[in-house]
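As structure tokens, the structure follows; a few thoughts come after it.
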Amino acid sequence: MKIWLNDRLVEEADAKVSVFDHGLLYGDGVFEGIRVYSGRIFEFDAHLDRLYRSAKAIRLEIPMSREKLVEATEKTVAANGISDGYIRLVVTRGVGTLGLNPFVCKNAQLFIIADKIQLYPQELYEKGLRVISASTIRNHPQSLPPQIKSLNYLNNILAKIEAVDANAPEAIMYNLQGYVAEATGDNVFIVAGGVIYTPPVQAGSLEGITRDVVIKLAKAEKLKAAERNLTRFDLYAADEMFLTGTAAEVIGVVNIDGRIIGSGKPGPMTTLLRKKFYEYAHSK
Ligand code: PMP
């Protein structure tokens, strides 16, 4: 596999960053996960916008112009012969001292991995997921804004551990007020009374690119979609529930904390939006 490292493609074995990189020492850096469908990089502009917003929020300068970054990403995808896959684009703070000060790190490191993708098994798309409510509270937006897609995923990882312990593929995270924030690596939607609801990002979620696309697709289908704070009860009582994310796309949830959602199968709006998403992703 060829990896883009800073200014060129290198062999995987040569793609190395220092043990003094603050990305490793402190999770100080930002990243994106992006899909490639039929040789096209999906919603690349939106991903780059989010990457630059995340970097700006942590005062990290991306060491490459946006134009060059597009070119480097395309070259990495081509060099690995990926026509359907996943891109991981990472910018770390770079090598510094053992202190926290990010500004002593002079050379931010940028690397791009383009690989095949491991999806949820097809069976789970047909049957739907069982999820749990995590007791780990999502980062407070005033502590670490969840809109920053940073290299520090420990908050999500603590919730993921709860999911794994409960033998569930995902966990739902709530904020300090008890409102739904997001899943550990996906955004959350429900359908109630014929309306599609998702929490506002201010409740503590990433501004998911798939989330935005799904809201647009729902509106194009003349479905009602709105942002609203959701409680645990709203999930328990929902007619349908689904998650959205770059890797998962649109996947139904049929059980949360032992409560069956709707008929116990992915609901009609979930199924329709999954289909529309598939068509959109493969047509763009
Ligand atoms: N929330 C979190 C915490 C994520 O890591 C992700 C991405 N895997 C998402 C939501 C979904 O965002 P996107 O649709 O942009 O992948």
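Sequential numbering from 1 along the given sequence is applied to the chain's residues.
Atom-to-atom distance recorded for Ile41:CD1 and Ile82:CD1 is 11.0 Å, nearest 0.5 angstrom. If you take CG on Asp212 and CG on Leu217, they are separated by 11.0 Å, rounding to the nearest 0.5 Å.
Here the side chain of Glu240 pairs a donor or acceptor atom with the backbone of Thr270 at under 3.5 angstrom. Side chain of Asp115 to backbone of Gly85: no donor-acceptor contact under 3.5 angstrom is found. No side-chain donor-acceptor contact under 3.5 Å links His22 to the backbone of Ala108. With Arg130 contributing its side chain and Asn167 its backbone, the two residues share a donor-acceptor pair below 3.5 Å. Panel note: side chain Asp21, backbone Ser18; no donor-acceptor pair is recorded below 3.5 Å.
With contacts defined as side-chain heavy-atom distances shorter than 4.5 Å, the pair Gln202/Asn229 does not qualify. Residues Ser133 and Tyr236 are in side-chain contact: their nearest non-hydrogen atoms beyond the backbone lie under 4.5 Å apart. Side chains of Ile112 and Lys75 form no contact here, defined as non-hydrogen atoms less than 4.5 Å apart. With a 4.5 Å cut-off on side-chain heavy atoms, Ile251 and Tyr125 count as touching. The closest side-chain heavy-atom distance from Ile87 to His47 is not below 4.5 Å. Under the 4.5 Å side-chain criterion, counting only non-hydrogen atoms from C-beta, Phe42 is in contact with Tyr280. At a threshold of 4.5 Å between non-hydrogen side-chain atoms, the residues Arg93 and Leu151 do not count as touching. A heavy-atom distance below 4.5 Å is found between the side chains of Tyr52 and Leu69.
Between Phe242 and Phe277, the gap from one ring centroid to the other reaches at least 6.0 Å.
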Exercise for review: Quick one: do Glu11 and Lys2 satisfy salt bridge (charged side-chain N to carboxylate O under 4.0 Å, His left out)? Show the steps, please.
Suggested key: CA-CA 5 Å; Glu11 286 301 332; Lys2 294 255 204 275; 2.6 Å; yes
Review point. Passes salt bridge (charged side-chain N to carboxylate O under 4.0 Å, His left out), Glu207 versus Arg211? Steps please.
Key: CA-CA 7 Å; Glu207 295 173 303; Arg211 173 186 183 275; over 6 Å; no
Practice item. Could you walk me through whether Arg50 and Glu43 pass the salt bridge (charged side-chain N to carboxylate O under 4.0 Å, His left out) test, one step at a time? Key: CA-CA 11 Å; Arg50 187 170 70 185; Glu43 301 290 309; over 6 Å; no
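The nearest pair of heavy atoms linking Thr198 to Val188 is OG1-O, 2.6 Å. Annotation for Ala203 and Val180: closest pair CB-O, 3.5 Å, computed over non-hydrogen atoms. Closest of all the heavy-atom pairs between Gly29 and Leu60 is CA-CD2, 4.2 Å. The two atoms that bring Pro146 and Pro141 nearest to each other are CD-CA, 3.8 Å, heavy atoms only. Closest approach of Asn101 to Phe103, counting heavy atoms only: OD1-N, 2.9 Å. Residues Lys265 and Val254 share a closest heavy-atom pair of C-CG1, 3.4 Å.
One hydrophobic cluster holds both Ile190 and Val131 under the rule that ILVMFWY side chains link at heavy-atom gaps under 4.5 Å. In the hydrophobic clustering of this structure, Ile261 groups with Leu129; members are Ile, Leu, Val, Met, Phe, Trp, Tyr whose side-chain heavy atoms approach within less than 4.5 Å, directly or through other members. The same ILVMFWY cluster, assembled from side-chain heavy atoms under 4.5 Å apart, contains both Val77 and Trp4. Under a hydrophobic-cluster definition in which Ile, Leu, Val, Met, Phe, Trp and Tyr are linked whenever side-chain heavy atoms come within less than 4.5 Å, directly or via other members, Leu25 and Leu144 are assigned to different clusters.
A salt bridge is absent between Glu32 and Lys149; no separation between the charged side-chain nitrogens and carboxylate oxygens falls under 4.0 Å. The pair Glu279-Lys276 counts as a salt bridge, with a side-chain nitrogen and a carboxylate oxygen less than 4.0 angstrom apart.
Gln109 pairs with exactly one of Asn6, Val95, Leu24, Val90 by the side-chain contact (heavy atoms from CB on, under 4.5 Å) rule, that one being Asn6. Only one option out of Asn175, Thr244, Leu243, Asn187 pairs with Glu182 in a side-chain contact (heavy atoms from CB on, under 4.5 Å); it is Asn187.
Crowding of Gln122 atom CD: a count of heavy atoms from other residues, nucleotides or ligands under 6.0 Å exceeding 12. Heavy-atom contacts from other residues, nucleotides or ligands closer than 6.0 Å to CG of Asp14 number more than 12.
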